[in-house]
Each structure stands twice: as C-alpha cells, then as structure tokens.
Amino acid sequence: MQIIWQQNDTSVEDLRRQLAGAGHPLALPSVRTMLAILQRKGFVERRLAGRAYIYNAIIAAADFQQGFVRDLLKRAFNGSATGLVTALLNGELLSRQELAQVKKMIRDFEGGKK
C-alpha cells in the first residue's frame with residue numbers, strides 16, 4: 001500500500017519492480033493476488049488501460065493505518081493501548097528520538113493540540 005499511496009496509476013509490473021528494489025522480490029502472480037485481495041477489501045480500485053490494469057488507492061493512508069491499529073489492538077492486546085505501548089517500550093522498538101517525539105505528541109494532545 002505504501003507504494004500505491006506514493007504513486008498513482010500503479011501497474012502490476014511497476015509494483016513488482018518497486019517491491020523487488022525494496023528487497024521484497026515477488027512473482028507477478030503473487031503481486032496480482034495481493035492486489036486482488038486489496039481490491040476485494042476496498043483499499044484499491046483498478047481500471048483497464050490498454051491490456052494492463054492500473055491500480056489506485058481508494059482509502060487514505062491515515063484511515064487505513066487507524067483501522068489497522070484498531071484491529072491490532074483488538075487482536076493482539078485485547079483492546080489495550082497500554083499493552084501496545086508496553087510492548088513497544090519493553091521490546092525497545094522506539095528509538096530515543098521517537099520516544100521524545102511521542103512524549104511531545106502527548107504533551108500537545110493534553111494541551112488541546114492535535
């Protein structure tokens with residue numbers, strides 16, 4: 001989805017090439033299957049351009065990410081945001097810089113800023 005959000009009008013071959021360049025080589029049938037699932041779930045749409053399908057995102061990145069995190073919280077942390085934060089901290093998955101950014105975001109949120 002990251003590639004599709006960054007680049008409108010993405011073909012299967014473009015997506016396969018960019019995934020391979022990012023260290024995720026996949027066969028064309030695998031990319032087609034992935035796109036079919038994303039289409040069925042309502043994340044992308046496709047249109048025919050010549051003999052190839054062109055894909056575009058129909059859900060904003062922020063909306064997708066919020067839904068994904070809600071699902072992650074429900075499935076992995078029994079709905080607990082505290083559990084997620086604990087896992088991030090205990091697993092040392094936040095750099096010092098990211099932790100400082102999170103602290104600032106919390107202060108801003110508490111101060112009424114979004």
Side-chain angles (χ1 to χ4, degrees):
M1 283 301 300
Q2 297 295 331
I3 294 169
I4 296 170
W5 283 316
Q6 292 169 2
Q7 174 184 325
N8 290 325
D9 293 342
T10 304
S11 71
V12 174
E13 181 57 36
D14 288 340
L15 188 57
R16 188 200 62 77
R17 196 175 10 230
Q18 289 188 40
L19 286 167
H24 305 287
L26 294 173
L28 280 175
S30 297
V31 176
R32 285 189 188 102
T33 299
M34 177 181 57
L35 287 167
I37 292 167
L38 290 171
Q39 183 183 12
R40 189 174 61 245
K41 290 185 174 194
F43 299 141
V44 299
E45 64 183 358
R46 73 179 188 179
R47 65 174 164 49
L48 196 56
R51 295 178 53 191
Y53 284 107
I54 300 297
Y55 293 84
N56 285 293
I58 55 175
I59 183 170
D63 294 337
F64 176 86
Q65 291 162 349
Q66 286 178 1
F68 186 87
V69 170
R70 278 190 197 98
D71 189 52
L72 174 67
L73 284 173
K74 186 172 101 179
R75 290 175 184 239
F77 299 99
N78 200 29
S80 170
T82 304
L84 172 62
V85 173
T86 301
L88 289 170
L89 294 172
N90 289 343
E92 299 179 8
L93 299 172
L94 290 173
S95 69
R96 293 230 179 260
Q97 181 181 7
E98 288 171 324
L99 184 57
Q101 289 172 328
V102 169
K103 288 178 180 179
K104 182 184 181 318
M105 290 168 62
I106 291 169
R107 285 192 303 273
D108 289 348
F109 185 82
E110 289 176 336
K113 296 180 187 176
K114 270 202 164 186

Are the side chains of [X] and [Y] in touch, meaning some heavy atoms are under 4.5 Å apart?
X	Y	answer
E110	I106	yes
L72	F77	yes
L89	L99	yes

Nearest atoms (heavy-atom pairs only) where [X] meets [Y]:
X	Y	answer
S80	L73	O-CD2, 3.4 Å
Y55	L35	CE1-CD1, 3.7 Å
L93	E98	O-OE1, 3.8 Å
M1	F43	CE-O, 3.9 Å

Indicate, with yes or no, if [Y] and [X] share a hydrophobic cluster defined by side-chain heavy-atom contacts under 4.5 Å among Ile, Leu, Val, Met, Phe, Trp and Tyr.
X	Y	result
M34	F68	no
L88	V102	no
V44	L28	yes
L19	F64	yes
L26	I4	yes

To the closest 0.5 Å, what do you measure between [atom1] ([X]) and [atom2] ([Y])?
X	Y	atom1	atom2	value
Q101	Q97	CD	CD	5.0 Å
W5	T10	CH2	OG1	12.0 Å
I54	L15	CD1	CG	11.0 Å

Side chain to side chain donor-acceptor pair (under 3.5 Å) pairs, two or more places apart, involving residues 12-24: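 Sorted pair list: Q7-Q18, S11-D14, E13-R16, D14-R17.
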
Donor-acceptor under 3.5 Å (N56 side chain, E45 main chain): no

Neighbour count above 12 (heavy atom, 6.0 Å) for N78 CG: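 No, CG of N78 has 12 or fewer neighbouring heavy atoms, counting only those of other groups under 6.0 Å.
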
Residues Q66, V69; criterion side chain to side chain contact (heavy atoms under 4.5 Å, CB included); working and verdict: CA-CA 5 Å; Q66 286 178 1; V69 170; 5.9 Å; no

Listed once per pair and sorted, the salt bridge (Lys or Arg N to Asp or Glu O under 4.0 Å) pairs that draw on residues 72-91, sequence neighbours left out: D71-R75

